[in-house]
Structures are given as C-alpha cells and as structure tokens.
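What follows is a set of notes on a single structure, which appears directly below.
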Amino acid sequence: MGALKGRDLLSLADLSTEEILFLLDLAAQLKSGKVRPRCTNVLGLLFSKASTRTRVSFSVAMGHMGGQVLDLNANLTQAGRGEPIEDTARVLDRYLDVVAIRTFEQSEVETFARYAKIPVINALTDLEHPCQILADLQTVFEAFGTFNGLTLTYFGDGNNIAHSLLLGCALVGLNIRVATPQDYSPLPEIVAKARDIAGDRASVTVTTDPNQAAEGAHILYTDVWASMGQESSADDRVPIFMPYQINAELLALADPAAIVLHCLPAYREKEITHAVMEGPASRIWDQAENRLHTQKALLASVLGLDIA
Ligand code: CP
Ligand code: NVA
C-alpha cells in the first residue's frame, strides 16, 4: 500500500482499518514465502529498555530482506548521556532509512518523529506497543479466519499492551473486554478513542470483574503485572492482581475453542499458570513468531519496497 511509504507508526491509531488489514495480509504472504521483498536500507534500533523479541525480530526481518541493522542502545550512544532527542533525530535522519525506538515517554517518540523525516516506529513506550498488537491480530486471524463476532479479553494491568489492544481490536472490529483491578484501568482517553474508532462495529468494555470478562471469550490475553520501569512495585502488585491470573478455572469460563495469548516475557504462576501457558489453548509461540512477519510487512511498507 503506497499510502504507508514514509509513514511513522507511533500509535496503532495512526493506521486505518484498511492499512492494518493490508499489513496482516502482507505478513501472511511473507510468512508463507509467497513474496520476498529486497532492500539495501538501514534500520536503527534506538532502545532504552531491554528487549528480546522486538530487537531480534526487527533485526532478522531486515536481514532477510538484505538490509542492515544498527544497534543504537541508549547506553552505547550519546542519547544515553543526555544529547537532546531533537539533535539525535536530525543527525540519525541523515544516516538511517528507518528507526525503531523503545523508550519510556510517548512524547519522546513523538518528538523524534517531528524532527526526523524517516519513518519512526514505536517499538514500545509506557503508553503503547503497536508492533506487538499487529502480531497478536495476525495470530487471532490465523486461529479463527475472521475478527467478526469474536471477543478478546485482556486481564491484568491497564498498560501499554492494553492500550494498543484497545485501539487494534477497535480498528479490526474485534470486541474487547479489559479486566483490571480498580486503580489499574487503562487511560480513559484511550478507552474513549477505542470506542470512537469501533463505533457500532465492536464493543469496548472495561471492568474489574475477571470472571464476567472471561465468559464466552474467544481470546484470553495477559501481560506482566509490573512493566519495565515499575519493578519496585512488583511484589506489592501480586495480591492485587492474583484474581486476574489466567489459569484453568478462568479458561473454563471462556468459549470451548478459546485461545490464550501473552506478549512475553511471562512470569509463570503470576499472570499465567505454567499449565495454561504450555496447554493446548496456548498460541503464544506462534504469536511470538508473528512479530517477525508483521514487522517485516511494516518495514517493507514504510520503506516503499517492491513486493515481489
Ligand atoms: N513482547 C515484546 O515486546 O518482547 P520484548 O520485550 O522481548 O521485545
Ligand atoms: N507491559 C510490558 C510489555 C513488555 C513487552 C512492559 O512494558 O514491560
């Protein structure tokens, strides 16, 4: 889709429904080997937080297409010593063809994007993780062949994953329920945006009742209870979040064909039990693999590569 060439992906809401469906279709073609785009471009990974999947899948995607990757870990660059984002952005813009940024504040990726002309991809901020949700949607589509009439329930913290899921489900018309402890609900402005996007195509429900949220759901999804940067509150959160654990009892309330997703990394016996993670409903490893295909689709699209 030519319309994606040169574009940023800072929030999932930057994409239209048609653009998401296009990326998912391209990801499926890339996964099956039907198309093999080639490039000589350079991707920079400017990461201030740890990463296994995002770092490796972006690197492998670029490698498969013949491009290069530069690891610009904040500890290795002047960015980690306080060089202003505005300056870093204008300099990297002259060297790189695309950049993926993992950081804390959403405003940092927004500032970078304002000062750089190259496509800027949000590789996780405290507010959103759009790349993850593209892979999640590919995994749901592979399992069910549709988004229509399905319900995804997210259990746990109203964090970056919850926010991007709200927007992503709304965009593809997948009903979403978010079940969190009181005081940990997603930001009201993101919920409102998701409702606005969904219109009458899908429902958007926020609740504190995990059992009601699980009833008849087709996809059960969870994430860590304490995100990167919240490590000091991790122990205090355990008793608060335990009722939201994905375990056999919660799964029994869902649709009999329900699948279980987790963006990873996972803490077994905290947000998800070992048995459910390794059980027949889990699609977690396919989900992790799909990071590679969806991000390759995204890179090929924003770089404007010939798809052949
Ligand atoms: N799910 C995810 O983004 O994993 P990493 O933190 O390992 O990149
Ligand atoms: N919510 C988690 C997601 C990790 C991929 C975090 O931000 O640490």
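Whatever order the structure lists them in is the order used to number ligands and atoms, beginning at 1.
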What residue and atom, counting heavy atoms only, is the protein's closest point to [atom], and at what distance?
atom                   : answer
atom 3 (C) of ligand 2 : Asp223 OD2, 3.6 Å
atom 8 (O) of ligand 2 : Met228 N, 2.8 Å
atom 5 (C) of ligand 2 : Leu264 O, 3.6 Å

- prompt: With clusters built from Ile, Leu, Val, Met, Phe, Trp and Tyr whose side-chain heavy atoms come within less than 4.5 Å, directly or transitively, what are the remaining members of the cluster of Met228, listed by chain and number?
  reply: Leu124
- request: List, by chain and then residue number, the residues other than Phe241 in its hydrophobic cluster (Ile/Leu/Val/Met/Phe/Trp/Tyr, side-chain heavy atoms under 4.5 Å); write none if there are no others.
  value: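 Once heavy-atom contacts under 4.5 Å are chained together, Phe241 belongs with Tyr184, Trp225, Val238, Ile240, Met242.
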Aromatic plane relationship, Phe141 with Phe147 - under 30° parallel, 30 to 60° tilted, over 60° perpendicular: tilted
field: Contact residues of ligand 1 (heavy atom under 4.0 Å), by chain and number
entry: Ser51, Thr52, Arg53, Thr54, Arg102, His129, Gln132, Cys263, Leu264, Arg291
- prompt: For Ser227 and ligand 2, does the shortest N/O to N/O distance drop below 3.5 Å?
  reply: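 N/O-N/O distance below 3.5 Å exists for this pair.
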message: If the condition is side-chain hydrogen bond (donor to acceptor under 3.5 Å, both in side chains), which residues does Asp97 pass it with, not counting sequence neighbours?
response: Asn41
message: Can you confirm whether Leu4 sits close enough to Leu23 that some side-chain heavy atom of one is under 4.5 Å from a side-chain heavy atom of the other?
response: yes
message: Are the side chains of Leu187 and Lys193 in contact, using a 4.5 Å heavy-atom criterion?
response: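 Sidechains of Leu187 and Lys193: no contact.
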task: Any chance you could lay out the salt bridge (charged side-chain N to carboxylate O under 4.0 Å, His left out) test for Arg177 and Glu215, step after step, and finish with the verdict?
output: CA-CA 10 Å; Arg177 301 174 188 156; Glu215 292 264 344; over 6 Å; no
query: Between the side chain of Tyr244 and the main-chain N/O of Thr180, is any donor-acceptor distance below 3.5 Å?
result: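 Answer holds: yes.
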- prompt: Quick check: does any side chain N or O of Asn247 sit under 3.5 Å from a backbone N or O of Leu250, one acting as donor and the other as acceptor?
  reply: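 Between the backbone of Leu250 and the side chain of Asn247 there is a qualifying donor-acceptor contact (under 3.5 Å).
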task: Could you check which of Thr54, Asn160, Leu124, Asp157 puts a non-hydrogen atom nearest to atom 4 (C) of ligand 2?
output: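 Result: the heavy atom closest to atom 4 (C) of ligand 2 is in Leu124.
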query: Can you tell me if Asp126 has a non-hydrogen atom under 4.0 Å from ligand 2?
result: no
